[in-house]
Amino acid sequence: MATAQTLNAPAPAAINSERLWGDGELVCTLVSHDERLIESCALIALGAAVRIQQCAELKDLPASGNGPVLWGADMASDALGFPGLCDVVLGFEEDDQQLWSVASRIPRARVAILPRAHQWLGEYLGLWGMRASQAHCLSFASLAGGLGTSTLAALIAHAGTLCGLKSLLIDLDPHSTGLWPRLMHEPPTGVGWEELCRSGGALAPHQLVETLPTVQDTAILTWSPNVAPTAVDEQLVVRLLAAARQGFDLLVVDAGRSVHPQHTVIEQFVDRKILTCEDTSKPPADAHILCGPRNPRTSNVATGQYLGYFVSLPRISRAVQRGVLFDALRSRKVRHVLADLRLLPDNDGNMP
């Protein structure tokens with residue numbers, strides 16, 4: 001089971017991207033012949049949005065650095081010959097003594113006794129999956145309604161596309177009425193939140209890339225027109241964000257009003273959280289962008305977390321009204337306004 005030692009152990013090692021992207025899924029290795037254990041681990045991995053690959057022969061062990069390797073109790077003794085390829089030894093209650101004996105001889109090995117360690121192992125694999133993924137994730141939340149936060153999030157996502165990134169705009173606003181009216185008159189073919197809520201099971205990165213609708217090459221996940229949004233299950237949010245970070249280069253999450261009911265989950269996947277607030281309000285301590293009409297007399301941007309100013313320029317307002325928001329980026333002025341916010345990673349994935 002998880003102990004203070006295991007929970008405070010170093011994070012999973014860096015991994016070889018070739019192993020991750022062979023079929024679009026994150027893969028970790030389970031060395032075991034125990035069908036019961038294999039089935040249990042498959043269910044745990046499902047919730048963590050990673051795939052367990054069984055390794056039945058020692059000659060098929062992955063190279064060092066290719067992701068976590070889990071050893072079942074039935075083959076745990078063999079792990080002593082491969083200490084650099086043992087991250088977790090696991091089994092059931094009856095295997096307790098054997099597993100701790102093996103782990104005591106492999107300094108960095110963790111021990112997972114199922115079913116007690118079910119949650120810990122899921123979190124362990126989920127965190128590995130997040131660290132292994134490639135996308136840069138931004139979330140936008142608003143301290144007040146009507147500031148243009150959704151418009152800004154959409155423009156940033158498409159700006160990423162124009163910069164050569166594979167971008168996905170995710171509508172996670174609990175009070176969303178859908179993003180399509182400002183993007184297109186007739187939504188393109190593809191799945192939305194309502195289909196994902198009914199789907200269940202794992203979400204594969206390549207499936208998201210292939211099935212989400214796109215507008216001018218920017219992928220969109222929102223609610224279909226005339227569909228009343230419902231609460232999105234927290235585990236679906238986890239699976240979606242974990243898979244999306246693997247399939248895309250840039251994720252832009254429109255989280256609606258701060259604080260989102262699932263903010264603790266969302267923030268595990270977010271690289272940068274950005275708040276929008278009114279120019280006349282006291283700026284928050286977090287990273288923020290001032291929006292709305294500028295009032296020089298009351299503007300207060302003294303905080304070091306001030307990122308810039310965004311106002312819906314006439315070109316943007318007209319594009320929203322016509323349902324062609326992304327066309328606003330044809331304007332050099334609009335592009336300069338967004339560029340000044342310095343929110344997009346460079347070609348190496350680094351933030352400015």
Side-chain angles (χ1 to χ4, degrees), residues 1-13 15 19-20 22-56 60-62 66-76 79 85-96 98-100 102-103 106 108-133 196 199-205 207-208 233-247 262 264-265 268-269:
M1 63 180 176
T3 65
Q5 177 183 354
T6 59
L7 290 174
N8 293 328
I15 45 185
R19 181 172 179 78
L20 298 178
D23 58 3
E25 294 180 287
L26 293 174
V27 181
C28 64
T29 302
L30 172 62
V31 187
S32 177
H33 294 281
D34 187 332
E35 293 297 331
R36 181 186 170 202
L37 190 60
I38 293 169
E39 182 178 355
S40 296
C41 288
L43 291 174
I44 294 170
L46 183 67
V50 301
R51 181 163 62 86
I52 291 284
Q53 176 174 282
Q54 180 193 8
C55 178
D60 296 326
L61 284 171
N66 278 1
V69 182
L70 319 180
W71 292 76
D74 59 314
M75 297 184 69
L85 289 175
C86 180
D87 296 285
V88 180
V89 288
L90 71 162
F92 300 99
E93 299 289 346
E94 60 270 23
D95 306 311
D96 187 300
Q98 177 198 3
L99 294 176
W100 284 110
V102 170
I106 303 177
R108 69 186 187 93
R110 295 99 166 148
V111 173
I113 307 296
L114 302 179
R116 285 182 288 160
H118 185 289
Q119 181 178 351
W120 174 82
L121 186 57
E123 292 174 352
Y124 173 85
L125 294 178
L127 287 171
W128 169 72
M130 284 188 286
R131 294 185 178 102
S133 55
L196 289 184
S199 64
L203 294 177
Q207 291 176 327
L208 285 179
D233 178 74
E234 186 173 282
Q235 285 304 310
L236 175 57
V237 173
V238 171
R239 295 197 302 272
L240 180 279
L241 292 177
R245 279 186 64 109
Q246 299 167 42
Q262 296 170 343
T264 55
V265 170
Q268 293 181 46
F269 295 87

### Message
My understanding is that only residues two or more places apart in sequence, or in another chain, count here; which of them pass side-chain hydrogen bond (donor to acceptor under 3.5 Å, both in side chains) with E35?
### Response
none
### Task
Search all heavy atoms of V111 against all heavy atoms of A103 and return the closest pair with its distance.
CG2-CB, 3.3 Å
### Message
I'd like to check L90 versus L37 (side-chain heavy atoms, cut-off strictly below 4.5 Å). Are they in contact?
### Response
yes
### Task
Spell out, as yes or no, whether a donor-acceptor pair under 3.5 Å connects the side chain of R110 to the backbone of R108.
yes
### Task
Taking all heavy atoms of L208 and all of A243, pick out the closest pair and write down the distance.
CD1-CB, 3.7 Å
### Query
So, D60 side chain and C55 main chain: donor-acceptor pair closer than 3.5 Å or not?
no
### Task
Please tell me if the side chains of D96 and R116 come closer than 4.5 Å, counting only heavy atoms from C-beta onward.
yes
### Task
Kindly indicate, with the supporting measurements, whether the criterion side-chain contact (heavy atoms from CB on, under 4.5 Å) is fulfilled by C86 and V69.
CA-CA 5 Å; C86 180; V69 182; over 6 Å; no
### Query
Is D233 close to V237 at the side-chain level, that is, under 4.5 Å between some pair of heavy atoms?
no
### Heavy-atom side-chain proximity of I44 to L114 below 4.5 angstrom
yes
#### Entry: side-chain contact (heavy atoms from CB on, under 4.5 Å) against A56, all qualifying residues, sequence neighbours excluded
H33, Q54
### Task
Mind checking the CG-OG spacing from L121 to S40? Nearest 0.5 Å is all I need.
10.0 Å
### Task
Not counting sequence neighbours, which residues clear side-chain hydrogen bond (donor to acceptor under 3.5 Å, both in side chains) with Q119? List them please.
E123
### Query
Are any of the side-chain heavy atoms of Y124 and V88 separated by less than 4.5 Å?
yes
## Note on the structure
Contacts of E94 meeting salt bridge (Lys or Arg N to Asp or Glu O under 4.0 Å) (sequence neighbours excluded), chain-then-number -> R36
### Query
Sequence neighbours excluded, which residues qualify as side-chain contact (heavy atoms from CB on, under 4.5 Å) partners of E234?
Q262, V265
### Task
Check side-chain hydrogen bond (donor to acceptor under 3.5 Å, both in side chains) between D74 and all other residues, then give those that pass, not counting sequence neighbours.
S32
### Query
So, W71 side chain and L85 main chain: donor-acceptor pair closer than 3.5 Å or not?
yes
### Message
Can you tell me how far apart CZ (R51) and CG (L46) are? Round to the nearest 0.5 Å.
### Response
12.5 Å
### Summary
When every non-hydrogen atom of P205 is compared with those of Q246, the smallest separation belongs to CG-OE1, 3.2 Å
### Task
Check P62 against T29 and note the closest heavy-atom contact, atom names and distance.
CG-OG1, 3.6 Å
### Query
So D95 and I113, side-chain contact (heavy atoms from CB on, under 4.5 Å) or not? Walk me through it.
CA-CA 8 Å; D95 306 311; I113 307 296; 5.7 Å; no
### Message
With a 4.5 Å cut-off on side-chain heavy atoms, are Q53 and L30 touching?
### Response
no
### Query
Got a second to check how far L70's CG is from M75's CE, nearest 0.5 Å?
13.0 Å
